[in-house]
Structure formats: structure tokens, C-alpha cells
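For reference, the structure is listed below as C-alpha cells.
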Amino acid sequence: MVNRNLIRSLESDPSLKAVFQAAMGDATETIVTEIENESDFDVNKIVNGRIVRIDNETVLVDVGYKSEGTIARDEWDEHEEPPQVGQTIQVLIEEVEDETGMADDPHGRVRLSKRKAEKILQWEKMMKTVQEGQVVTGTVTRKIKGGLLVDIGVNVFLPASQVDIRRPGDIGDYIGRVVQCEVLKIDEARRNIVVSRRSLIEKQREEDREQLLGELEVGQLRKGVVKNIADFGAFVDLGGIDGLLHITDMSWERIGHPSEMVSIDQEIEVMILHIDREKQKIALGLKQKQSNPWDNVEAKYPVNSKVRGTVVNVMSYGAFVKLEPGIEGLVHISEMSWTKRINHPSELVQIGDEIEVVILAVDRNGQQLSLGMKQTQENPWTTVGDRYPIDSIVKGKVRNLTNYGAFIELEEGIDGLLHVSDMSWTRKISHPSEMLEKGQQVECKVLSVDQERRRIALGLKQLDQDPWAHDIPNKYQPGQVVRGKVTKITNFGVFVGLEDGLEGLLHISELADHKVENPEEIVKVGEEIEVKILRVDSDERKIGLSRKRVEWAEEVEAHPQAAPTSAPSIPASELKGGVGHSSGPLIQPIKPASNSRQAEPDSPEESEPSE
């Protein structure tokens, strides 16, 4: 156990202290001096040292410590003078031995660095001369993550975004180049400096821009360098300010991409088209240096003249044809053929085809030409009347069916219309599909030809004689009793089929002696009944029938007032069945607004008035 009281008494004993000093003498002062000197050897401190020995891998340096320090031999670069024994150098103390000795140095030597000392000294020197915002010059040494290292005496960081106004494709191309930069930020704690080359360029460009804007005038020719190319045009550096050379101002001809006309870093001469001094925007032109080919287009390409050109583009609505550099016209799809039905222009022309066209219209101000291909050939409709005279019999194929008729193709591109009303003399046709089908070959008669409107009217029933002229009036006489089948029941009466395609109207007032509210109470569709012919109207193509008069005697018909009293007395001139005056109509229909074929009713009841 330690006796601390004894230790305190010995420390305060003056006689013991005198004995110790007499024994040690001057050695005490030497030891104290050495201890004080060793206290100056702190890690990361720069001291002077003297080279005492040089080996293959290390250099031994005396820095005044109790043991020498070592420096790696490779800290001397090849371009430096090799180390010499006795030479004095400045070094950085990286590590010193402690009470247990150094773990990585079996000799217990101090680890030193000459290279780090030089860098620190350079940094300290740089800090005395460099400030933020200052312009420095250095050499790009290597590419690192995010940018470049520039040697200005110490390595500084140049971010990739600060290399140029527009970031280059490969910043590695700057390695070895001497560049001027502006110091953006200094971090003394981390010994880091960030610089920018872009900021210098922008400042210089701003000065040049102000000066250049004062000099530029619309119509001037200026030389510039292409800096960037986009789909819509190219940006040209005029020497401090960029102008836009739009793709439409590059050539009077059609071009697909600006790269067809210019390339990056190419020097070109352009014309100043427009200057916006407030927004500092300049519009440039290349084609304006040459004369506009549209200036004399009307004289060179008069309307109705035939010219040859090359197809340069095909769209869904037509084809663009180049007549000469800078002059193009459109052949609309409707102007490609007189007769062919074209779904897309590519069915007739392809890019690169050389074709003959006719000038249809010229718009010099709008720089547009309307061209036609079909006009180079004879219009077949001008002679269609000669080929298809009225009353001639023609053959064709059913090309299309509509609600109002069928289109019959007589030849390629020439169709005639067979209206539903011209399909049968006797049948009431609701839709052409009741008689025809698509692709069927039919024979028709030409009814009319309208060359101007390009229409031909055809008839099917006109191939036969009109049965209403003689056959039907002779076969069905008033007063005759016939049998027929109920085909349709309406609110005003019943239609009775007398033979194929021939119907008569049995009005509701002629169904029975008593008043009938609903015809279906008396007859049913499909039922065969006996009826009496009241009247045959060849002009209206209608037959009036009666069911209640079947059993009437002739004298009763002659004097309707003698009929059974259960039925109301109706004047002969107002009988719905049509037994009135021979010159009157079978029934009294409402006059239609139009007598055109398309306005005809699709069903018989639409032509009859309701009760």
C-alpha cells in the first residue's frame, strides 16, 4: 500500500531537494530543455528536418526528436531533384511514438510526409492571395466525379455544370487545357475551392451582348457559329448573343431536320430578320440571302398549264409535288383520278415518283399551289351521255345498298342510282335488299343522265311494261269480287294482297256495315277474305276494296241509301273506298311537301290519311 503522507513529506523536504540537485548538476537543465523541445512535436505540424540517410524505400530525417523520422522514397517525383544527405526540408509530422511505441514502426521512428507539407504550405500561400470572386488561371489535370480538377497552384474543383454555358458532351475533352475561372467558394476548414468557368463566359457574353444589340439592325448580314441544333432550328452565336435560325428560314426547299443544312461549330453567314431588344431575342434567316422563287410563280406556272414534278411527301389528304427547289404544290386526293375510289394517295403515288400535273390555282402570298393529276386525262363524265344514252339497256354490278336505292357500277368510277321507286311497278319496297344483294349483276334501263352533277338514274321496272296501263285495269274491274290475303292492318284500314306485288286498300269504313273502331276486331293478318273491287286508279296506282259490299246487290250499290240502316249514310262522293266520281282520287291524301323520289314514303300507310 502506498504511503501518500510519506510522499508529501519527501516532496516538501528542502534537504532532500538539495541533495538531488547536487547529484544531477547541469543534466537537469538539459533534460528540461529536451522535454520542452519534444512538447513542440505535435501531430499535423510542419517542422524543418535534415536528411541523415537515404535507403531504397525510405529517407531518414532528423527533426530534433529523440528518434529520427522516415519519409517514403516515392514522395519525390521523377521531375524533382533526388534527396541529398544533409539537405534541409520541411515535413509534416503524421505520427509520433507514444509510451508503448508505434504499432506500425518496429524501430519506433516518427512518420513524416514531405508531399503533404508542401501541399499545406501551398494552400496557406494560396489563401493569402485568392479570394471569392477572383479570376484564376490553371490547367485541367483530371476528370473526377461531378466535374474536373484544375491546378492553379493547388487543385480546385470545377463542377461539370460550370464548365460552359451549355454542358459539353464529354468534359474529359478539357483535360490538359488552360482555363480561366472565377472563384465561387472557399472552404478553409476543408481546404476546398470551387471555381466556375461558366460565370466568366456569361459575364463576358453579357458585355458583348449589350454592345452587339446596339450594333445590330434588321436586314444586316452577320457571321456566326452554330452552337446548338434542335428539331425546330439552330442557335447561332453572333459573338455574344445567340440568335434562332428557324428550320423554315433555312431553305426555300422542304427540309426534314436542321442538321441537313448546318452542323455544330460551323461558321455561317445569316441575315437579321427580327430583333426583340427587350427580350434580347434575334430571329435569323439563311434562305433570305437568296431571291424568293415565289416572286414570279404566277408567270412561271400559269393556271391550266401542264408541268412535271417529283413527289416529296404523301399524306392522308394528298401528295406534295416539288416543281423546282423551293416550289411545291399539293395534289389533293380528290384531284387524283376521275373514276378510281382512292382511300389513300399512296395507292397511286409514292415518294420519289415523277408525275405530270396541271396547275389548278396559284396563291403567291400564301406560297401555295393547287395541282391536279386527273386533269391530265380526259374526264369520262364528259362523254358519259354518249356511252349511256337515255332508254338504253345497261348491265352493272350492285356496288352499294342504301335506304333509298342501290348504286350500280357501270364501269370503274361510273355509278348509276337505282331508286327503290324504280325497282317494281307493283311491289311496295321498303329497302333495296328485298330485291337486290351486293355484288349481284343486274340489267337496267337508263332513265336520265346529269353530266354536270355526275349522276345517272337507272330503272329496273322500266324493263317491263307498266301493268297499270292495261293489265291491271283489265283484270280487276269495279264490282268484281276477288279473294285476297290480309298483308297489313293500319288504323285507317287493311291492305289486301291480290297477287304477287299487288295490293288493294280495304278502308276501315268498308270493313263492315257497322262502325269499326279497330280493324283487328274484324280481320287478322294472313287471313284470306273476299272483297269487291270498288275502283282501279291507274294514275295513282291504287285499288279500292270493300268487304261489306260483297253481298250487296247491284241496285243497292247503285243506291247506297237502300243499304242496311245500321251503317251511317255517307254521300257517294265521300266514300273512302273510292266509288265516287270517276274523275276524283281513290282517297283524299294530304299533299306532300315535295314530289322528289327521295321524299316518297317507305310504307303504304304513310300515303293514306287516318280516319
>> For the CG atom of L323 and the CZ atom of R308, what is their distance to the nearest 0.5 Å?
In response: 11.5 Å

> NZ/K548 to CD1/I522 distance, rounded to the nearest 0.5 angstrom?
Replying inline: 12.0 Å

> With a 4.5 Å limit on heavy-atom distance, are the side chains of L447 and H419 in contact?
Replying inline: no

> Minimum heavy-atom separation for E335 to V331, with atom names?
Replying inline: O-CG1, 4.1 Å

> Out of curiosity, M315 CE to I333 CD1, how far, rounded to the nearest 0.5 Å?
Replying inline: 12.0 Å

>> For a 4.5 angstrom cut-off between non-hydrogen side-chain atoms, does N491 reach I508?
In response: no

>> If you compare all heavy atoms of K445 against all heavy atoms of I393, which two are closest, and at what distance to 0.1 Å?
In response: CE-CD1, 3.8 Å

> Taking it one step at a time, do V486 and K524 satisfy side chain to side chain contact (heavy atoms under 4.5 Å, CB included)?
Replying inline: CA-CA 7 Å; V486 177; K524 305 293 181 186; over 6 Å; no

>> Looking at R453, I want to see if its CZ is surrounded by more than 12 non-hydrogen atoms of other residues, nucleotides or ligands under 6.0 Å.
In response: no

>> Please find the pair of heavy atoms, one from I229 and one from H257, that lie closest to each other, and give the distance.
In response: CG2-CE1, 3.9 Å

> Looking at R399 and D415, does any basic side-chain N land under 4.0 Å from a carboxylate oxygen?
Replying inline: yes

> Under a 4.5 Å cut-off applied to non-hydrogen side-chain atoms, are L436 and M423 in contact?
Replying inline: yes

>> L238 vs V270, test: side chain to side chain contact (heavy atoms under 4.5 Å, CB included). Steps then yes/no.
In response: CA-CA 9 Å; L238 300 176; V270 291; 4.2 Å; yes

>> Taking V312's backbone N and O only, do any of them form a donor-acceptor pair with K322's side chain (distance below 3.5 Å, no angle check)?
In response: no

> Is it true that a side-chain atom of K281 and a backbone atom of R277 form a donor plus acceptor pair closer than 3.5 Å?
Replying inline: no

>> Given 3.5 Å as the limit, does a donor-acceptor pair link the side chain of W252 with the main chain of P293, or not?
In response: no

> What's the spacing between K306 NZ and E356 CD if we round to 0.5 Å?
Replying inline: 5.0 Å

> Can you tell me if CZ on R455 sees more than 12 non-hydrogen neighbours from other groups inside 6.0 Å?
Replying inline: no

> So, for C444 and L418, which heavy atoms are closest and what is the spacing to 0.1 Å?
Replying inline: SG-CD2, 4.2 Å

> Is there a donor-acceptor pair closer than 3.5 Å between any side-chain N or O of Q367 and the backbone N or O of D363?
Replying inline: no

> Under the 3.5 angstrom rule, does the side chain of T487 hit a backbone N or O of F495 as a donor-acceptor pair?
Replying inline: yes

>> To the nearest 0.5 Å, what is the distance between CG on D242 and CD on Q280?
In response: 11.5 Å

> Between W338 and I414, does a side chain to side chain contact (heavy atoms under 4.5 Å, CB included) hold up when you go through it step by step?
Replying inline: CA-CA 9 Å; W338 292 113; I414 304 294; over 6 Å; no

>> Tell me the closest heavy-atom pair linking F320 and E328, and the distance in Å.
In response: CB-OE1, 4.2 Å

> Do Q288 and D249 come within less than 4.5 Å of each other through their side chains, counting heavy atoms only?
Replying inline: yes

> Backbone N or O of L284 within a donor-acceptor pair of the R222 side chain at under 3.5 Å?
Replying inline: no

>> Do I529 and V550 have side chains that approach each other closer than 4.5 Å (heavy atoms only, starting at C-beta)?
In response: no

> Does I489 reach the side chain of V525, with side-chain heavy atoms less than 4.5 Å apart?
Replying inline: yes

> Where the side chain of W294 meets the backbone of G326, is there a donor-acceptor pair that is under 3.5 Å apart?
Replying inline: yes

> Is the closest side-chain heavy-atom distance between V226 and F235 below 4.5 Å?
Replying inline: no

> Which value, rounded to the nearest 0.5 Å, describes the distance between N343 atom CG and S316 atom OG?
Replying inline: 11.5 Å

> side chain to side chain contact (heavy atoms under 4.5 Å, CB included) between M373 and V349: does it pass, once the steps are laid out?
Replying inline: CA-CA 10 Å; M373 289 171 54; V349 296; 3.8 Å; yes

>> Regarding E347 and K340, does a basic nitrogen lie under 4.0 Å from an acidic carboxylate oxygen?
In response: no

>> For a quick test of reading the model, state the closest non-hydrogen atom pair linking M250 to P258 and the distance between them.
In response: CE-CB, 3.4 Å

> Does V398 reach the side chain of I408, with side-chain heavy atoms less than 4.5 Å apart?
Replying inline: yes

>> Main chain of E517, side chain of E521: is a donor-acceptor contact present, judged purely on distance under 3.5 Å?
In response: no

> Salt bridge between K488 and E503, side-chain N to carboxylate O under 4.0 Å?
Replying inline: no

>> Please check this pair: side chain of E510 against backbone of H507, looking for a donor-acceptor N/O pair closer than 3.5 Å.
In response: no

> Under 3.5 Å, side chain of D353 to main-chain N/O of I355, donor-acceptor pair present?
Replying inline: no

>> Are there over 12 heavy-atom neighbours, none belonging to K289, within less than 6.0 Å of that residue's NZ?
In response: yes

